[in-house]
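To keep things clear, I will list the structure first and then write my remarks on it.
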Amino acid sequence: MCASPYYRMQLMICAGTGCMASGSLEVKAALQKELTKRNLQDDVQIIMTGCNGFCAMGPLVVAYPDGIFYNQVKPEHAPLIVEEHVLKGRIVKELLFKEPVAKDQVPLIKDIGFFGRQRLIVLRNRGLIDAENIDEYIARDGYSALGKVLEEMTPEEVIEEVKKSGLRGRGGGGFPTGLKWEECRKYNNFPKYTICNGDEGDPGAFMDRSVMEGDPHSVLEGMAISGYAIGAHKGYIYVRAEYPLAIKRLQKAINDAREYGLLGTDILGKGFDFDIEIYPGAGAFVCGESTALMFSIEGKRGMPRIKPPRSAEAGLWNKPTNLNNVETFANIPPIILNGGDWFASIGTEGSKGTKVFALTGAVNNVGLVEVPMGTTLKELIFEIGGGIPKKRKFKAAQIGGPSGGCIPLGMEDVEIDYESLIGVGAMMGSGGVVVMDEMTCMVDTARFFTGFCVDESCGKCIPCREGLKVMYDKLTDICEGRGQEGDVEFLIELGHHINSTSHCGLGKSAANPVLSTIRYFRHEYDAHIRDKHCDALVCPNLIDFVVIEDKCKMCGLCHKNCPSNAIIWEKKTVARIDLEKCTKCRTCITNCRFHAIR
Amino acid sequence: MAVIYIDNKPYEVKEGQSLLNACLSLGFSVPYFCWHPELHSVGACRQCAVKQFRNESDTRGFIIMSCMTPVEDGLCISIDDPEARQFRASIIEMLMLNHPHDCPVCDEGGECHLQDMTVMTGHVRRRTRFPKRTYRNQDLGPFLNHEMNRCIQCYRCLRFYRDYAGGRDFNVFGIHQRLYFGRYEDGKLESEFSGNLVEVCPTGVFTDKTFMKHFTRKWDLQTAPSICVHCSVGCNTIVGERYGTVRRILNRFNREVNGYFLCDRGRFGYEFVNSELRIRRPLVRDARTAEAQPANKAAALKRVAQILRKTPGLIGIGSPRASLESNYALRKLVGPDRFFAGVSGAEQRLITAILDSMRKPSVLSPSLQEVERADAVLLLGEDVPNTAPRLALALRQSVRVRPMTLADQLCVPRWMDHAVRLVVHDARGPLYIATPYRTRLDSLATKTLRGAPDDIARLGFAVAHELSTDSPAVAGLSEEAQSLAHEIAQALQGASCPLVMSGTGCGSMAVVQAADAVARSLRKTGRPAMLSFIVPECNSLGLGILGGGSLEDAVERILKGDAHNLIILQSNLFRRLDRETVEEVFEKIEHVVVLDHVANRCVERADVVLPSATFAESDGTFVNNEGRGQRFFQVMVPQGDVQASWRWIRDIADALDKGELAPWTSLDDLIADMAASVQRLKEVVRIAPAADFRMTGMRIARESHRYSGRTAVTAYVSVHEPKPPQDDDSPLAFSMEGFQGHVPPAVIPRFWSPGWNSIQAVNKFQSEVGGPLAGGDPGIRLIEPMENVEKGQEGAIVPEPFRPRTDACLLVPLFHVFGSEELSMLSPAIAEAAPEPYVGLSPEDADRLGLRDGNTVAVRWDETELTLPAKIMDDLPGGLAGLPHGLPGLSGFVLPRWGKIRAK
């Protein structure tokens with residue numbers, strides 16, 4: 001905790017993209033104004049921190065030294081907080097977090113299930129430091145790992161330590177980081193490069209963004225250590241241009257680090273030169289593939305290529321290149337400081353350490369969580385995530401981004417590590433978890449992810465370029481009621497061809513959403529094709545839009561919300577839908593609490 | 001060698017090559033798109049999938065791309081495996097989703113690689129029901145038609161155009177399934193190799209626009225092997241004809257010469273054969289000024305005999321664009337001492353010097369294939385991309401030879417194209433270019449030197465002196481030039497296959513001698529030096545071998561009154577000599593007989609004009625710049641009285657009752673006579689099979705076995721099928737009846753094999769895919785170094801440095817791939833691509849004269865004055881000015897020469 005001798009109290013306001021979008025900057029201004037009005041500006045410090053992780057509940061304010069967690073704070077709450085919390089020392093109850101299941105208010109951040117069950121290594125500084133202030137990072141042991149490495153360790157020892165830790169690539173591939181570094185160190189072809197892959201493009205994933213925005217120095221430090229280990233003096237951070245805040249904060253961090261002599265020539269006076277440059281990507285998902293990423297930095301068309309030569313041998317500008325994910329780099333400083341054995345003690349046998357997940361979809365606590373490897377999916381969704389809202393039932397979780405797979409109800413006991421996920425037809429990917437409830441149509445979901453892959457295929461090899469489009473068109477047909485017998489078999493055959501013969505990782509896994517949904521939800525496909533009915537009531541062409549009289553409680557919610565006045569309802573009568581007027585917008589279905597429309 | 005198992009049968013193949021290459025070489029039909037024998041493997045199309053098994057007990061196997069798999073001993077694969085077959089069919093199925101199936105109206109139909117591969121994989125039924133994607137096409141200029149809807153996105157066009165041929169104005173745009181291959185906006189493709197896209201594209205995205213104007217299916221074309229006439233490289237071509245007009249030119253694979261590619265001048269220059277300027281009937285003129293009257297063959301010959309009998313003193317002027325045979329026939333008729341090569345004295349001296357140099361011992365004149373393998377190149381004075389484009393393409397490949405070793409070090413097979421290009425990156429082997437102005441190869445050059453021809457020669461001599469002190473030293477060389485010479489000498493010495501290339505482009509003897517000196521000196525250091533010269537025309541060297549005086553010598557004879565009658569063979573003297581001189585000749589001479597195929601100013605002045613056959617209508621032999629004799633064959637029977645020049649000459653001899661001078665009834669007689677009487681041409685008989693050659697008792701059919709309309713086309717005249725024309729000169733028949741299978745390489749009329757209708761059928765004619773043709777590449781080297789002729793460098797004198805004059809500029813020729821060559825300019829497509837005439841000025845001279853781009857200037861020397869727009873060329877050294885060679889109005893003078901330039 002940043003207990004400071006100068007201030008009586010700190011208000012940590014989250015300045016991650018999520019909270020900023022919900023208005024944390026306005027909250028800050030309002031609090032600032034309120035404090036000044038009461039002449040408390042020297043007593044209470046306001047700190048804008050990196051992403052806190054609990055994005056769904058923003059804007060968030062955490063008051064230290066007590067660690068009181070206020071969520072969904074609005075600017076108009078500022079007088080209340082200052083009056084009650086700051087002046088009178090009373091907790092503002094109405095701004096406290098309510099556990100969705102137990103329904104009780106939890107004042108302390110450490111008691112909230114969402115936070116309490118996490119183990120923070122990568123996100124060790126989250127919500128605790130000002131991302132744009134290098135001193136705060138240093139105060140939390142920042143750059144001491146780099147100092148230790150330069151002071152006490154040879155590059156070989158660094159690699160040995162990383163190997164011992166068992167750290168595997170967090171970008172999804174899961175290749176042991178130590179081995180990668182060792183391979184790259186082997187080649188005596190200079191200059192070498194180390195690249196940080198921040199091209200996080202999966203729908204629903206924001207782990208890397210959070211780290212880059214919230215704790216940019218941890219990435220820089222990790223990169224500098226890797227540069228020292230492999231013998232590189234130049235690093236690139238490839239960040240999506242869609243992350244302007246990340247770019248801004250990384251740039252600030254680089255400038256500050258240079259000023260402090262933590263980057264540039266002769267770092268810490270130990271004769272090691274290392275500098276970092278940011279390369280904003282142009283939004284192509286495939287540029288997250290290592291070889292395509294390097295082509296992109298070279299100014300060429302971002303298309304994956306076949307290895308050999310491997311990047312460690314001939315990568316960027318044809319020089320030995322090491323490429324790691326943001327999260328991987330952020331893991332490095334703690335490993336160096338605490339030792340590989342400490343890291344290896346966390347997690348499962350094959351997968352060590354923790355993993356950050358972006359928990360989204362039909363789950364109460366949407367946000368960023370870091371859990372030890374081996375945590376079960378159930379814990380993730382029901383304990384950390386707080387379960388499914390609106391009393392709906394859990395249906396499936398989609399893990400691993402657009403090319404991951406769906407894990408259905410009944411398999412939620414699976415432990416999250418690299419191997420187990422592959423075993424159930426999903427993959428670790430970069431760590432996006434999309435939770436789906438019973439109101440999710442799996443065919444539609446498969447179509448959504450396939451559509452993403454269609455758009456992001458680089459256009460090189462035929463199975464991915466053409467096959468995915470066929471797959472997407474077929475799924476569209478099925479969703480719109482034009483499905484035919486044999487379509488599912490066709491999709492399976494096509495999916496296997498795409499997966500087994502595409503050129504790069506994107507294509508090799510692009511059929512996973514389709515194949516895994518067919519594997520676990522074949523009945524939904526069959527219902528779409530044979531009965532022309534979507535059980536989840538998602539595909540508009542496959543819904544009857546008829547009120548089930550037995551289930552209708554005559555509440556009239558559907559009537560009130562229908563934008564086209566298509567529902568005929570009077571008090572104490574069963575609603576009826578006028579199909580002439582109905583635009584199939586599904587507003588009635590989402591509003592009906594009794595599943596009375598089919 | 002390695003043993004691999006394909007469908008459980010062992011085969012012995014070369015280790016390290018790609019599996020696809022090995023399978024195709026063994027004759028297996030494995031479909032492919034993105035792979036090309038010259039562009040190699042990138043693994044984009046996934047079409048060549050086969051199944052690999054880990055070992056004998058492995059029954060499941062896994063699918064691999066054969067183009068990306070190196071051959072290793074014991075490799076066990078299956079092509080026939082059901083899963084692999086199904087996978088290959090599914091790839092075609094995916095491609096067919098958006099392919100428009102417009103084969104009936106597509107120019108590629110019938111010779112489409114995509115069609116072949118579709119049939120090969122067995123995909124027949126569409127299982128999807130979505131609309132096809134469509135594109136907007138581009139206007140890519142006069143050569144190519146663009147139809148993007150047919151595209152299957154194999155990237156071959158891009159890889160050829162950008163990676164192989166170095167073009168910059170063509171690219172792939174877009175992402176995922178919305179890819180677009182084209183230019184960023186409409187316009188002519190800039191690369192002079194764009195025509196190859198017609199053959200490189202596996203389907204009909206890029207088709208030949210000139211062919212489109214008079215389209216015929218491949219199987220309806222009568223085809224014959226031919227040689228390109230538009231520069232001295234002598235690329236092998238296939239000429240296609242139907243109903244008396246030439247329809248198109250295709251590449252004819254010859255590993256040693258053009259390989260898989262042609263330049264656009266060669267591919268699209270053929271239209272002069274169908275030109276309206278063609279002379280189809282003999283013309284007789286009673287007086288010089290009178291209107292020419294058409295005459296029949298007998299009357300014309302009678303008139304010739306009459307003329308030649310009346311006055312004695314006949315001389316003949318040969319031509320570097322006529323065949324060896326025709327030139328020899330003329331020489332025989334008039335006698336060697338009255339035979340003159342149809343080129344200026346300056347050019348004649350250069351050709352003689354080049355021939356001498358080629359015969360000198362130890363230094364080899366390389367084939368184009370060997371140029372591609374050179375690992376250090378010095379280019380002296382020749383604008384290769386414009387004078388011999390196909391050689392420039394070879395030089396483009398040669399700069400990759402040295403960096404290729406980087407790939408070897410990383411154990412990346414050389415055929416793994418994408419990886420190799422990544423490893424090679426921007427690294428280039430040594431290429432030094434010294435020319436008066438910038439060439440399109442400069443962007444690849446290690447260093448370039450801009451200078452007047454004399455300065456270029458001085459650099460050459462300086463390099464020679466660096467290599468061996470036997471070569472004369474160059475006095476007064478600048479320090480800069482000296483260090484460049486030193487660097488070049490080092491580079492050449494450090495190479496295992498160094499090449500010196502030069503030519504007649506500068507019109508400078510000193511440059512030719514300097515190139516010779518470099519190669520000799522290099523040889524003295526023990527390096528295996530290669531020396532390549534580029535000469536002006538398709539048979540310049542052949543004519544050089546036959547000898548004879550220059551045009552100036554002929555003029556002298558005429559003006560002296562020593563000659564009264566003149567036969568001009570396929571030569572427009574107005575292009576080759578100053579106009580005044582030619583006018584003087586026509587004043588002085590009594591009678592002129594011209595044999596030519598297109599109307600020109602000589603034809604307009606002749607007493608008798610005899611229509612001679614073009615390359616498409618006659619057989620003959622050309623000698624290319626390497627010294628390789630190559631035979632071209634008649635593809636069609638000419639209309640009217642058109643016949644080969646040598647036949648006219650024989651008829652003239654007969655008409656003069658001097659039949660013993662020309663006792664030939666067929667080409668073979670003439671060739672045998674020539675081989676017997678010209679010692680250096682004794683190998684000519686071996687170039688191609690004689691006319692009596694038969695395959696299993698049959699002639700070789702010029703028409704394919706699917707040729708249609710044979711009996712119907714003349715049915716409106718007579719329902720009886722006419723007898724096919726006889727061919728006395730070659731073993732080919734003007735018929736679909738005859739041998740259709742594999743024939744000796746020199747007489748392959750077309751590439752076709754069952755199941756392989758596209759040009760890719762060439763795979764089936766090679767000893768191994770990408771290697772030489774089975775039976776050896778056609779052509780015989782006629783000029784070999786001879787050990788017993790040792791001529792030192794006594795003739796070589798190092799020239800003085802160039803000194804600019806204030807009153808005049810040294811006019812040097814500027815070459816244009818489209819425009820500088822005479823015959824191709826008669827083709828509308830080429831003429832459209834040619835620039836307007838201009839005079840190129842250096843910035844210094846333009847400043848001095850107060851001229852800006854586009855100003856009209858007068859260029860004058862002696863009696864000649866040209867009025868031209870000025871073009872400032874920032875790369876031209878001061879004191880030099882350039883005149884585009886051969887553009888309309890810019891012929892009939894010999895360069896370099898001094899000329900005065902002033903604003904007008």
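Below, chain A is the first sequence line, B the second, and so on; all start at residue 1.
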>> With a 4.5 angstrom heavy-atom cut-off, is it the side chain or the backbone of B:A49 that approaches chain A, or both, or neither?
In response: neither
> Is there side-chain contact between B:Q153 and A:R465, with at least one heavy-atom pair below 4.5 Å?
Replying inline: yes
>> I'd like to know if B:R129 and A:D477 make a salt bridge, using a cut-off of under 4.0 Å between side-chain N and carboxylate O.
In response: yes
> Who among A:S500, A:A284, A:P463, A:G486 has the most heavy-atom pairs with chain B under 4.5 Å?
Replying inline: A:P463
> From B:S90 OG over to A:H496 NE2, what is the distance, rounded to the nearest 0.5 angstrom?
Replying inline: 12.5 Å
> Between A:I462, A:T476, A:V454, A:V470, which residue shows the highest count of heavy-atom pairs closer than 4.5 Å to chain B?
Replying inline: A:I462
> Quick one: what part of B:V423 sits under 4.5 Å from any heavy atom of chain A, side chain, backbone, both or neither?
Replying inline: both
> Looking at B:I175 and A:R301, what are the two nearest heavy atoms and their distance?
Replying inline: CA-NH2, 4.3 Å
> Under a 4.5 Å heavy-atom cut-off, does chain A meet the side chain of B:N171, its backbone, both or neither?
Replying inline: neither
> Hey, does A:E298 have a side-chain heavy atom less than 4.5 Å from the side chain of B:H425?
Replying inline: yes
>> To the nearest 0.5 Å, what is the distance between CE on B:M94 and SG on A:C461?
In response: 9.5 Å
> Is chain B contacted by the side chain of A:T291, its backbone, both, or neither, given a heavy-atom distance below 4.5 Å?
Replying inline: neither
> Under 6.0 Å from the CZ atom of B:R85, do we count more than 12 heavy atoms belonging to anything else shown?
Replying inline: no
>> I'd like to check B:Q177 versus A:L468 (side-chain heavy atoms, cut-off strictly below 4.5 Å). Are they in contact?
In response: no
>> If I measure from the heavy atoms of chain A, does B:L97 come under 4.5 Å with its side chain, its backbone, both, or neither?
In response: side chain
> If we only count heavy atoms from C-beta on, is the A:M303 to B:Y155 side-chain gap below 4.5 Å?
Replying inline: yes
> Can A:F295 and B:H418 be said to form a ring pair (Phe, Tyr, Trp, His ring centres under 6.0 Å), step by step?
Replying inline: CA-CA 12 Å; A:F295 282 132; B:H418 206 146; 5.7 Å; yes
> Does the pair A:E493/B:R127 count as a salt bridge with the N-to-O cut at 4.0 Å?
Replying inline: yes
> chain B heavy atoms under 4.5 Å from A:K460: which part of the residue, side chain, backbone, both or neither?
Replying inline: both
>> Counting heavy-atom pairs under 4.5 Å with chain B, which one of A:A314, A:G302, A:S457 comes out on top?
In response: A:S457
>> If I measure from the heavy atoms of chain A, does B:R421 come under 4.5 Å with its side chain, its backbone, both, or neither?
In response: neither
> chain A heavy atoms under 4.5 Å from B:I64: which part of the residue, side chain, backbone, both or neither?
Replying inline: neither
>> Please check if the number of heavy atoms outside A:F190 that lie under 6.0 Å from its CZ is greater than 12.
In response: yes
> Looking at B:I91, B:V424, B:N98, B:V412, which makes the most heavy-atom pairs under 4.5 Å with chain A?
Replying inline: B:I91
> Checking B:E93 against chain A: side chain, backbone, both or neither under 4.5 Å from a heavy atom?
Replying inline: side chain
>> Quick check for you: among B:A427, B:G174, B:C411, which has the greatest number of heavy-atom pairs under 4.5 Å with chain A?
In response: B:G174
>> With rounding to the nearest 0.5 angstrom, report the CZ to CD distance, B:R46 to A:E466.
In response: 14.0 Å
> What part of B:L179 gets closer than 4.5 Å to chain A, counting heavy atoms only: side chain, backbone, both or neither?
Replying inline: side chain
>> With a 4.5 Å cut-off on side-chain heavy atoms, are B:R133 and A:K469 touching?
In response: no
> Measuring heavy-atom distances to chain B, does A:K300 have an atom under 4.5 Å in its side chain, in its backbone, in both, or in neither?
Replying inline: side chain
> In terms of heavy-atom pairs under 4.5 Å with chain A, which of B:M65, B:M68, B:M416, B:Q86 leads?
Replying inline: B:Q86
> Could you give the distance from CG (A:N318) to CG (B:L406), rounded to the nearest 0.5 Å?
Replying inline: 7.0 Å
>> Once rounded to the nearest 0.5 Å, what's the spacing between atom CG of B:L422 and atom CE of A:M294?
In response: 9.5 Å
> Checking heavy atoms, do the side chain of B:F87, its backbone, both or neither come under 4.5 Å from chain A?
Replying inline: both
> Most heavy-atom pairs under 4.5 angstrom with chain A, which of B:G43, B:A44, B:C45?
Replying inline: B:A44
